[in-house]
Amino acid sequence: MGKNNPHDTFAREFLSYKQNAVDFFKGILPEKIARNLDLQTLAEDKNNYTDEKLHQYFSDVVYTCRYTGGIIKLCLLFEHKSFPPRFPHSQLLRYISNIWQHHAKQGNPIPVMLPILFYHGKMKWMSRPLHYYLSGDTALFTRFIPQV
């Protein structure tokens, strides 16, 4: 990905402008969430949370924003795909885990994460719950499976 991928370069450049990011998040987040975000506090998080293996999947664009009342700090993770992701949940969970570990090591509260996967490929792809990708009959275990 990175510099060799024009879509990644475009997405990173587009979202590097705060007003573009504000408009993007207002347009894609559910209204109940968007209206309670203090988008005046939106700021790009310049930390790099990708390890060597994740770097091939993620563009590492993360934003922080306060939720109404300042109670919750949200990290808005942006990732785009030009091909249907094979196991999107495992990639996102690993990325989120890296961010949480970073905050925990710094002695900071672990932030709520809103992962956003933006797909723009030609092949049809549908977002599915994590249990769809697991093998076997998962019906009895659904309540124990993360809902990402």
Side-chain angles (χ1 to χ4, degrees), residues 1-133 142-148:
M1 215 188 252
K3 295 179 178 119
N4 296 330
N5 186 326
H7 297 111
D8 182 61
T9 302
F10 172 77
R12 288 181 60 78
E13 180 68 23
F14 176 80
L15 289 174
S16 70
Y17 295 96
K18 182 177 178 177
Q19 191 56 53
N20 289 346
V22 167
D23 292 342
F24 179 78
F25 293 131
K26 277 184 181 177
I28 65 162
L29 291 173
E31 198 254 324
K32 286 183 178 181
I33 293 174
R35 75 172 173 238
N36 290 305
L37 288 176
D38 181 0
L39 292 171
Q40 297 298 320
T41 67
L42 187 72
E44 187 174 355
D45 182 342
K46 299 289 187 178
N47 290 307
N48 184 348
Y49 300 107
T50 56
D51 56 35
E52 192 173 300
K53 192 168 185 172
L54 277 177
H55 189 67
Q56 64 182 312
Y57 300 110
F58 288 97
S59 58
D60 198 25
V61 178
V62 179
Y63 289 88
T64 60
C65 185
R66 294 221 174 263
Y67 201 69
T68 298
I71 299 169
I72 300 172
K73 179 179 179 181
L74 301 173
C75 290
L76 304 171
L77 165 65
F78 174 81
E79 170 53 7
H80 79 278
K81 295 285 185 187
S82 57
F83 56 92
R86 187 164 178 209
F87 299 111
H89 297 84
S90 64
Q91 293 172 4
L92 291 171
L93 285 169
R94 185 166 176 185
Y95 195 90
I96 290 167
S97 176
N98 283 357
I99 293 172
W100 285 347
Q101 286 177 0
H102 173 81
H103 282 268
K105 285 179 185 176
Q106 301 295 318
N108 297 326
I110 296 173
V112 171
M113 299 292 299
L114 294 179
I116 299 166
L117 188 119
F118 181 72
Y119 176 70
H120 63 89
K122 294 180 181 178
M123 295 175 62
K124 184 174 179 159
W125 176 68
M126 291 179 21
S127 175
R128 300 177 193 271
L130 177 57
H131 66 84
Y132 172 85
Y133 297 95
T142 302
R143 71 182 195 156
F144 303 105
I145 299 170
Q147 300 300 309
V148 294

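Values reported hereafter were calculated over all heavy atoms of this structure, with side chains retained and with hydrogens, waters and symmetry mates removed. As the structure is a computational prediction, the values presented were derived from the model and not from experiment. If you read the sequence from its start, that first residue is 1, and numbering goes on from there.
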Inset, instruction - Decide yes or no for Ile116 and Leu29: does some side-chain heavy atom of the first lie under 4.5 Å from some side-chain heavy atom of the second? - result: yes

Legend entry - Residues that Gln40 engages under side-chain contact (heavy atoms from CB on, under 4.5 Å), provided they are two or more places apart: Asp38

Legend entry - Straight-line distance of Leu39 CG to Asn36 CG, nearest 0.5 Å: 10.5 Å

Inset, instruction - Would you indicate whether the side-chain heavy atoms of Thr64 and Pro111 approach each other to under 4.5 Å? - result: no

Legend entry - Sequence-distant partners of Phe87, side-chain contact (heavy atoms from CB on, under 4.5 Å), two or more places apart: Ser90, Tyr133

Legend entry - Residues in ring pair (Phe, Tyr, Trp, His ring centres under 6.0 Å) contact with Phe14, at least two apart in sequence or another chain: Phe10

Inset, instruction - Decide if atom NZ of Lys18 counts as having more than 12 heavy atoms of other residues, nucleotides or ligands within a radius under 6.0 Å. - result: yes

Inset, instruction - Output all residues satisfying ring pair (Phe, Tyr, Trp, His ring centres under 6.0 Å) with Trp125, sequence neighbours left out; order by chain, then residue number. - result: Tyr119

Legend entry - CD1-CG distance between Ile96 and Leu114, expressed to the nearest 0.5 angstrom: 9.0 Å

Inset, instruction - Decide side-chain contact (heavy atoms from CB on, under 4.5 Å) for Leu93 and Leu130; before the verdict, give the C-alpha distance in whole Å, the side-chain angles of both, and the deciding distance to 0.1 Å. - result: CA-CA 10 Å; Leu93 285 169; Leu130 177 57; 4.2 Å; yes

Inset, instruction - Identify the two heavy atoms, one from Pro84 and one from Met123, that lie closest to each other, and give their separation to 0.1 Å. - result: CG-CB, 3.8 Å

Legend entry - Any side-chain heavy-atom pair of His89 and Tyr132 under 4.5 Å: no

Legend entry - Residue list, salt bridge (Lys or Arg N to Asp or Glu O under 4.0 Å) with Arg35, at least two apart or on another chain: Glu31

Inset, instruction - Return the set of residues passing side-chain hydrogen bond (donor to acceptor under 3.5 Å, both in side chains) with Asp23 (not counting sequence neighbours), or none when no residue passes. - result: Gln19

Inset, instruction - Quickly, which of Gln101, His102, His103 forms a side chain to side chain contact (heavy atoms under 4.5 Å, CB included) with Ile99? Name it, please. - result: His103

Legend entry - CZ on Phe25 to CG on Leu42, rounded to 0.5 Å: 6.0 Å

